[in-house]
**Student:** 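This is the structure I want to talk about, given as structure tokens.
Below, chains carry the letters A, B, ... as their sequence lines are ordered, and counting in each starts from 1. Heavy atoms only: backbone and side chains are in, while hydrogens, waters and symmetry mates are out.
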Amino acid sequence: MSHPPKNTAELLERCYLIAGLTLGQVAEQYQLQLPANLQREKGSVGQLLELVLGASSGSKAQPDFPHLGIELKTIPVDRHGKPLESTYVCVAPLTDLAGLSWQESWVCRKLSAVLFVPVLAERSIPLAQRQIGTAFLWKPDTEQQALLQQDWEELMELIVLGGIDQIKGAHGKVLQLRPKAANSKALTSAVGAEGQPIQTLPRGFYLKASFTAALLAQQFGT
DNA sequence: CTCTGATCATTA
DNA sequence: TAATGATCAGAG
């Protein structure tokens, strides 16, 4: 629907044009149907925003705005601006990990520049009435970068050493590893405790809600 | 199946 | 009620 934005300024300009509007108003402008609820099409809000802002990558494993190196994330918030959910980052690689460094990891690359679009998303509010907030571009500062790197290295070390099935969502301070699959029967290859190949649930990296809460507070003030 | 977009729903 | 583990839809 929208052309990809030429530069960051143009992207932010588009965000400001929709800030304050409801999802229903934006869907109407683009003549799109919103699902009755998110129980089935959980990703529809993100996909609507991708369309409106001109993201081009679809389901490919690369930033939403490749030319700008920017990743788009809608973030559901309550009336106080607190995140209601953790934020998915990317799938976790479980094999062929030799020599993979933080700097070249997908987590580091995707999080180098993230356009967060807050959406008021308390469950009591019908989807069409949910209001889009003021987007902001986040780049991790030195401290945030260090926290992310620490968690990533700890989690990856466990994966390399065959400890993936011991990893719980509670691991990590700001980054967590959780299932990322169609259901609990989906399987992918990984490394077992004895170094042998095993089948396990696919996992993804997520930013904990407490971390994104801090980013929102940093942006908008407590 | 893998990866994208995420939120749901049960547990602790 | 927050957090963890489970799940849904679409593109490729």
**Student:** How long is the line joining NZ of A:Lys60 and P of B:dT4, in whole Å?
**Tutor:** 12 Å
**Student:** Looking at B:dA6, does its base get a donor-acceptor pair with the side chain of A:Tyr206 below 3.5 Å?
**Tutor:** yes
**Student:** Just to verify, what does A:Glu153 make a side-chain hydrogen bond (donor to acceptor under 3.5 Å, both in side chains) with, not counting sequence neighbours?
**Tutor:** A:Gln149
**Student:** CZ of A:Phe205 versus C1' of B:dT2: gap in Å, rounded?
**Tutor:** 16 Å
**Student:** Would you please confirm or rule out a distance under 4.0 Å between OP1 or OP2 of B:dG5 and any side-chain N or O of A:Tyr88?
**Tutor:** no
**Student:** Would you call A:Glu122 and A:Arg79 a salt bridge, taking side-chain N to carboxylate O under 4.0 Å as the test?
**Tutor:** yes
**Student:** Can you sort out the partners of A:Trp138 under side-chain hydrogen bond (donor to acceptor under 3.5 Å, both in side chains), two or more places apart, ordered by chain and number?
**Tutor:** A:Gln144
**Student:** In whole angstroms, how far is the C1' atom of B:dT4 from the CD atom of A:Glu71?
**Tutor:** 9 Å
**Student:** What are the residues of residues 90-105 of chain A, sorted by number, that bring a heavy atom to within less than 4.0 Å of DNA chain B?
**Tutor:** A:Cys90, A:Val91
**Student:** Could you check whether A:Trp152 and A:Glu157, counting side-chain N and O atoms only, form a donor-acceptor pair closer than 3.5 Å?
**Tutor:** no
**Student:** Does anything in residues 181-193 of chain A reach DNA chain C, meaning a heavy atom under 4.0 Å, and if so which residues?
**Tutor:** A:Ala181, A:Ala182, A:Asn183, A:Ser184
**Student:** Could you report the tightest heavy-atom contact between A:Gly192 and A:Ile198, atom names first, then the distance?
**Tutor:** CA-CG2, 3.6 Å
**Student:** Quick check on A:Asp96: does its CG atom have over 12 non-hydrogen neighbours (other residues, nucleotides or ligands) under 6.0 Å away?
**Tutor:** no
**Student:** List, with names and distances, any nitrogen or oxygen atoms from the protein found under 3.5 Å away from nitrogen or oxygen atoms belonging to nucleotides 8-12 of chain B.
**Tutor:**
unit_1, atom_1, unit_2, atom_2, d
B:dC8, OP2, A:Arg123, NE, 3.0
B:dC8, OP2, A:Arg123, NH2, 3.3
B:dC8, O4', A:Lys42, NZ, 3.3
B:dC8, N4, A:Glu85, OE1, 3.0
B:dA9, N7, A:Arg123, NH2, 3.4

**Student:** Kindly write out the residues that satisfy side-chain contact (heavy atoms from CB on, under 4.5 Å) with A:Glu154, not counting sequence neighbours, or none if the list is empty.
**Tutor:** none
**Student:** With A:Gln39, which residues qualify under side-chain contact (heavy atoms from CB on, under 4.5 Å), at least two apart?
**Tutor:** A:Asn37
**Student:** Between the axis at one end of the helix from B:dC1-C:dG12 to B:dA12-C:dT1 and the axis at the other (five pairs apiece), what's the angle to 10 degrees?
**Tutor:** 20°
**Student:** Any base atoms under 4.0 Å from A:Pro35, or only sugar-phosphate, or nothing? Heavy atoms, all strands.
**Tutor:** nothing
**Student:** Once side-chain hydrogen bond (donor to acceptor under 3.5 Å, both in side chains) is applied, do any residues pair with A:Asp165, and if so which ones, sequence neighbours excluded?
**Tutor:** A:Thr200, A:Arg203
**Student:** Search all heavy atoms of A:Tyr88 against all heavy atoms of A:Gly204 and return the closest pair with its distance.
**Tutor:** CE1-CA, 4.3 Å
**Student:** Starting at CG of A:Leu49 and ending at P of B:dT4, how long is that distance when rounded to a whole Å?
**Tutor:** 18 Å
**Student:** Rounded to the nearest angstrom, tell me the gap between atom CG in A:Leu48 and atom P in C:dA9.
**Tutor:** 19 Å
**Student:** Could you note down all residue pairs passing side chain to side chain donor-acceptor pair (under 3.5 Å) where residues 177-195 of chain A supplies at least one of them, sequence neighbours left out?
**Tutor:** A:Ser86-A:Arg178, A:Gln176-A:Arg178, A:Ser189-A:Gln199
**Student:** Below 4.0 angstrom from OP1 or OP2 of B:dA6, is there any side-chain N or O of A:Lys73?
**Tutor:** yes
**Student:** For A:Gln199, which contact category applies under a 4.0 Å heavy-atom criterion: base, sugar-phosphate, or nothing?
**Tutor:** nothing
**Student:** Taking atom types as they are modelled, is there a donor-acceptor pair under 3.5 Å from the base of B:dT4 to the side chain of A:Lys180?
**Tutor:** yes
**Student:** Listed in order of residue number, which residues of residues 165-173 of chain A have a non-hydrogen atom at under 4.0 Å from DNA chain C?
**Tutor:** A:Lys168, A:Gly169, A:Ala170
**Student:** Check residues 12-19 of chain A and write down every donor-acceptor pair under 3.5 Å in which the side-chain atom is one partner and the other belongs to a residue at least two apart or another chain.
**Tutor:**
unit_1, atom_1, unit_2, atom_2, d
A:Arg14, NH1, A:His3, O, 2.5
A:Arg14, NH1, A:Leu53, O, 3.0
A:Arg14, NH2, A:His3, O, 2.9
A:Arg14, NH2, A:Glu10, OE2, 3.0

**Student:** Where is the tightest heavy-atom contact between A:Arg109 and A:Gln103, given as atom of each residue plus distance?
**Tutor:** CG-O, 4.1 Å
**Student:** Atom CD of residue position A:Glu143 - does it have more than 12 heavy atoms of other residues, nucleotides or ligands inside 6.0 Å?
**Tutor:** no
**Student:** Do you know which two heavy atoms are closest between A:Lys173 and A:Lys208, and how far apart they sit?
**Tutor:** O-CD, 3.4 Å
**Student:** Determine the minimum heavy-atom distance between A:Asp78 and A:His80, stating which atoms define it.
**Tutor:** OD1-N, 2.8 Å
**Student:** Classify A:Leu201 by what it touches in the nucleic acid, base, sugar-phosphate, or nothing, heavy-atom distance under 4.0 Å.
**Tutor:** sugar-phosphate
**Student:** Look at A:Gln47 and B:dT4 and indicate whether a side-chain polar atom (N or O) is within less than 4.0 Å of OP1 or OP2.
**Tutor:** no
**Student:** Just the rounded figure in Å: distance from P of B:dC3 to NZ of A:Lys110.
**Tutor:** 10 Å
**Student:** What is the nucleic acid contact for A:Gly43, judged by heavy atoms within less than 4.0 Å: base, sugar-phosphate only, or nothing?
**Tutor:** base
**Student:** What nucleic acid atoms does A:Thr74 come within less than 4.0 Å of, heavy atoms only: base, sugar-phosphate, or nothing?
**Tutor:** sugar-phosphate
**Student:** What is the minimum heavy-atom distance between A:Leu38 and A:Ser44, and which atoms define it?
**Tutor:** CD2-OG, 3.2 Å
